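Since the structure comes first, as structure tokens, the remarks are kept for the end.
Everything numeric in this text was worked out from a predicted model, so none of it was measured. Proteins get letters first, then strands, A, B, ... in listed order; numbering begins at 1 in each.
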Amino acid sequence: MNNLQELEKIQYELAKKLNLNDKIDINNIKTVAGIDTTFLNPWENPTKAISSIIVLDFETMDIIEEVFGEKEIDFPYIPTFLAFRELPSIMEAYQKLKTKPDIFILDGQGIMHPRKMGIASHFGVITDSVSIGCGKTRLIGNFKEPENKPMAYSEVYIKNQLVGYALRVKKNTNPIYISPGNNISVESSLKVIIKCIRNYKLPEPVRLAHNKLKDYLRLLS
DNA sequence: GCGACAG
DNA sequence: ATCTTGTCGC
């Protein structure tokens, strides 16, 4: 059996542990975190991965805590296996967190994935946390284009199963793709992301996690 | 069989 | 996925 088949098997096993019901009351969220990863050289392998986790106050979107993780990685980017490239450095950051937020939002897919195990679901299952995937482009799934107006959205299906939404945050911008990671429902995932949108296309937790990585990289050089 | 394919 | 600048379309 080749490597990728073994990794697929891991994904299928993790998917058995998925919970697509709300584990928390989404009307009483106190804190939310954004997670993002970059690389010293994004087009090389092996290279060093750097991840950030930014914890925010859910109401004000003010930063409460920020941690970073670094890890040498030797796994290339392969579509549907992103977690095996990015999770090691994410876990380095995760173990530094002093306070565990109510929800994590990851840059990438949740169950909008061929084996229901995008990076947001993978992270959510192995940490048993509430997680949501928020991707900037599509990996898999069928949907009709949302109307070209602010906050228009449409349902995304995989084989007749509703797995998430395409959400057009602003007019004339491409939609973002939202799906549950773990311990949250499809519908609640959309509601939470909408409440995290401020003045930009991306929800604040993910946007700030990305910006903080830029700052961090600038400090290294 | 072929094309598409998160970051 | 980076980085920087300018430019175009609504």
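- Each of A/Trp43 and A/Lys171 lies near DNA chain C, and the nucleotide nearest A/Trp43 is the one positioned closer to the 5' end.
- Rounded to whole Å, atom P of B/dA4 lies 15 Å from atom CG of A/Asn142.
- Taking a cutoff of 4.0 Å between a charged side-chain nitrogen and a carboxylate oxygen, A/Lys212 and A/Asp36 do not qualify as a salt bridge.
- Counting heavy atoms of neighbouring residues, nucleotides and ligands inside a 6.0 Å radius, atom NZ of A/Lys201 exceeds 12 of them.
- No salt bridge links A/Asp128 with A/Lys17; every basic N to acidic carboxylate O contact stays at or beyond 4.0 Å.
- For A/Tyr77, counting side-chain heavy atoms from C-beta on, the closest listed nucleotide (C/dC10, C/dT2, B/dA6) is B/dA6.
- Stem regions for DNA chain C, meaning three or more consecutive Watson-Crick or G-U pairs with both distances under 3.5 Å, do not exist: the list is none.
- B/dA6 atom P lies 14 Å from atom CD of A/Gln11, rounded to whole Å.
- When the P atom of B/dA6 is taken as reference, atom CD1 of A/Ile119 falls 13 Å away, rounded to whole Å.
- A chain of hydrophobic side-chain contacts below 4.5 Å, direct or via other Ile, Leu, Val, Met, Phe, Trp or Tyr residues, connects A/Ile24 to A/Ile132.
- Atom CD1 of A/Ile158 and atom P of B/dA4 are 18 Å apart (whole Å).
- Summary of the strand contacts: A/Arg85 and A/Asn148 both lie near DNA chain C, and taking for each the nucleotide with the nearest heavy atom, the more 5' one is attributed to A/Arg85.
- In this structure, A/Ile178 places its CD1 atom 14 Å from C1' of B/dA6, rounding to the nearest Å.
- Using a 4.0 Å heavy-atom distance criterion, A/Ile140 is classed as making no nucleic acid contact.
- Ion pairing between a basic and an acidic side chain is recognised when a charged N comes within 4.0 Å of a carboxylate O; A/Glu145 and A/Arg168 show such pairing.
- Atom-to-atom, CZ of A/Phe143 to C1' of B/dA4 comes out at 13 Å; the value is rounded to the nearest Å.
- Residue A/Tyr177 places none of its side-chain N or O atoms closer than 4.0 Å to OP1 or OP2 of B/dA6.
- Among the atoms of the strands shown, only primed sugar atoms or phosphate atoms (P, OP1, OP2) are found under 4.0 Å from some heavy atom of A/His210.
- Distances from the side chain of A/Arg138 to the nucleotides C/dT2, B/dC5, B/dA6 place B/dC5 closest.
- Using a 4.0 Å heavy-atom cutoff across all strands shown, A/Gly118 reaches at least one base atom of the nucleic acid.
- Base engagement by A/Phe81 is indicated by at least one non-hydrogen atom pair under 4.0 Å involving a base atom.
- For the pair A/Lys170 NZ and C/dC10 P, the interatomic distance rounds to 17 Å; values are reported in whole Å.
- Across A/Asp107, A/Leu56, A/Val55, a single residue satisfies side chain to side chain contact (heavy atoms under 4.5 Å, CB included) together with A/Pro205, and that is A/Leu56.
- Put simply, CG on A/Leu82 is 9 Å from P on B/dA6, counting in whole angstrom units.
- The 12-atom threshold is exceeded at CZ of A/Phe58, counting heavy atoms of other residues, nucleotides or ligands nearer than 6.0 Å.
- Of the candidates B/dC5, C/dC10, C/dT2, the closest approach to any side-chain atom of A/Asn172 belongs to C/dC10.
- Taking Ile, Leu, Val, Met, Phe, Trp and Tyr as hydrophobic and joining them when side-chain heavy atoms fall under 4.5 Å apart, one finds A/Leu213 in a cluster with A/Leu40, A/Ile50, A/Phe68, A/Tyr216, A/Leu217, A/Leu220.
- Among the atoms of the strands shown, base atoms are found under 4.0 Å from some heavy atom of A/Gln109.
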